[in-house]
Protein chains: 2
Amino acid sequence: MLSKKTKYAFHALTYLGKHREQKTVLIQDISEEYGISHKFLENILLELKKAGILGSKKGKGGGYYLIKEPIDVPLSKVIRLLDGPIALLPCVSLNYYEPCVECKNEEKCGLNKVMIQVRDEMLNILENKSLADILDKE
Amino acid sequence: MLSKKTKYAFHALTYLGKHREQKTVLIQDISEEYGISHKFLENILLELKKAGILGSKKGKGGGYYLIKEPIDVPLSKVIRLLDGPIALLPCVSLNYYEPCVECKNEEKCGLNKVMIQVRDEMLNILENKSLADILDKE
DNA sequence: TATAAACTCTATAAAAAAAATAGGGTAAAT
DNA sequence: ATTTACCCTATTTTTTTTATAGAGTTTATA
């Protein structure tokens with residue numbers, strides 16, 4: 001399951017996407033809209049900024065804003081950023097690979113093979129669907 | 001990511017599947033093979049038994065054994081049993097549905113729509129692949 | 001140039017979930 | 001009768017997730 005952090009990130013991105021006509025959006029506006037702790041949300045927005053998805057402006061009249069077009073923000077990127085691996089096993093993760101500690105031979109692991117398939121199907125959707133697809137519905 | 005509990009369950013099932021010529025297999029044999037705590041594994045095997053996947057025999061010469069044919073044990077069943085929902089959001093879970101607390105309108109939630117797709121693709125594999133597919137490779 | 005609005009950063013704490021442990025009890029084969 | 005091995009409930013430990021705290025920095029505007 002996706003963590004709250006990731007869900008909050010999607011909420012924030014949705015909010016920012018819906019208010020693109022504004023130059024900036026305050027953290028507080030988002031945190032009030034979804035009932036997210038101001039400080040917790042701050043950390044999340046900061047991560048999104050470091051990842052090049054958001055920009056921010058300090059001082060009076062400042063706030064956060066989308067720096068990318070919604071279609072250029074794949075869902076997979078957001079999930080990986082906040083939640084880590086998308087794969088169901090560390091040994092099939094593309095971005096966070098680790099061998100399974102109790103696995104003797106990855107080559108001969110049947111579970112590994114199936115989980116590669118699952119990962120690929122998940123990525124097939126999550127890499128190709130973007131923030132734009134989410135905004136459309138709202 | 002799958003929990004250790006679920007991975008242990010798959011290991012145990014694989015071991016039992018590979019030793020079907022024996023009448024029973026001792027917990028200890030499995031726990032030693034994979035370095036899993038005896039007691040922890042006991043809980044897992046018990047759950048698999050309650051779910052009708054394993055049988056057990058008490059007393060000397062007793063132990064656990066597969067009660068179903070490997071092909072009749074879909075991977076999805078094992079994951080749901082030990083890990084809970086397969087879906088990435090509670091609001092798209094077939095077996096563990098819950099509304100997302102901060103979601104105002106599920107019908108209009110774009111994330112919901114995408115996650116339904118992801119769930120269906122995952123299930124398409126996990127419902128159709130079984131223990132038999134894992135055993136094949138080993 | 002003062003000041004208030006708003007972002008930045010590091011550290012810590014609280015809560016929840018996952019993993020592991022403990023130990024007595026019960027059933028059954030020999 | 002006794003040993004082997006499953007059964008059950010409760011508790012503890014560890015890890016991860018979620019949330020909080022507070023001081024510091026930047027910047028717009030009056």
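Protein chains get the first letters and strands the later ones, always in sequence-line order, with residue 1 at the start of each. Side chains included, hydrogens not; waters and symmetry mates left out as well; all remaining heavy atoms used.
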Starting from [atom2] on [N], measure out to [atom1] on [X] and report it in whole angstrom.
| X | N | atom1 | atom2 | result |
| --- | --- | --- | --- | --- |
| K58(B) | dA27(C) | NZ | C1' | 4 Å |
| I30(A) | dA6(C) | CD1 | C1' | 13 Å |
| L2(A) | dT18(D) | CG | C1' | 16 Å |
| L26(A) | dA5(C) | CG | P | 11 Å |
| K23(A) | dT29(D) | NZ | C1' | 15 Å |

Have Q28(B) and E32(B) got a donor and an acceptor in their side chains that come within less than 3.5 Å?
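A pair is found: one side chain offers a donor N or O, the other an acceptor, under 3.5 Å apart.
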
Can you tell me if [X] touches the phosphate of [N], counting only side-chain N or O atoms and a distance under 4.0 Å to OP1 or OP2?
| X | N | result |
| --- | --- | --- |
| K4(B) | dA20(C) | yes |
| S3(B) | dA17(C) | no |
| K60(A) | dA30(D) | no |
| Y65(A) | dA6(C) | no |
| Y8(A) | dT18(D) | no |

Options dA20(C), dC7(D), dA28(D), nucleotide nearest the side-chain atoms of S56(B):
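The nucleotide sitting nearest to the side chain is dC7(D).
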
Quick one: which of dC6(D), dA19(D), dA19(C) gets closest to the side chain of K5(B)?
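It is dA19(C).
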
The test is ring-ring contact (aromatic ring centres under 6.0 Å, His included); show your working for H19(B) and Y15(B) and say whether it passes.
CA-CA 6 Å; H19(B) 293 80; Y15(B) 191 93; 4.1 Å; yes

Can you tell whether the side chains of E127(A) and R80(A) come within less than 4.0 Å, N to carboxylate O?
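Yes, this pair counts.
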
Is the shortest distance from a Lys or Arg side-chain nitrogen in R20(A) or E69(A) to a carboxylate oxygen in the other one below 4.0 Å?
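Yes, this pair counts.
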
Check whether T24(B) reaches the backbone of G61(B) with its side chain - one donor and one acceptor, N or O, closer than 3.5 Å.
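Such a contact is found between T24(B) side chain and G61(B) backbone.
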
For P90(B), does its backbone N or O pair with a side-chain atom of S93(B) as donor and acceptor, under 3.5 Å?
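Absent.
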
Under 4.0 Å, heavy atom to any atom of DNA chain C: which of residues 73-88 of chain A qualify?
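Result for residues 73-88 of chain A: none.
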
Short of 4.0 Å, heavy atom to strand atom, which residues of residues 37-54 of chain A count as contacting DNA chain C?
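Residues of residues 37-54 of chain A under 4.0 Å from DNA chain C: K39(A), E42(A), L46(A), K49(A).
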
Honestly curious: do I44(B) and M1(B) fall in one hydrophobic cluster under the side-chain, below-4.5 Å linking rule?
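Different hydrophobic clusters.
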
Using side-chain heavy atoms (C-beta onward) and a distance below 4.5 Å, is V25(B) in contact with Y64(B)?
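In short, these two side chains do not touch, never coming nearer than 4.5 Å.
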
Non-hydrogen side-chain atoms of L54(A) and Y65(A) separated by less than 4.5 Å:
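No, every pair of side-chain atoms sits at 4.5 Å or beyond.
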
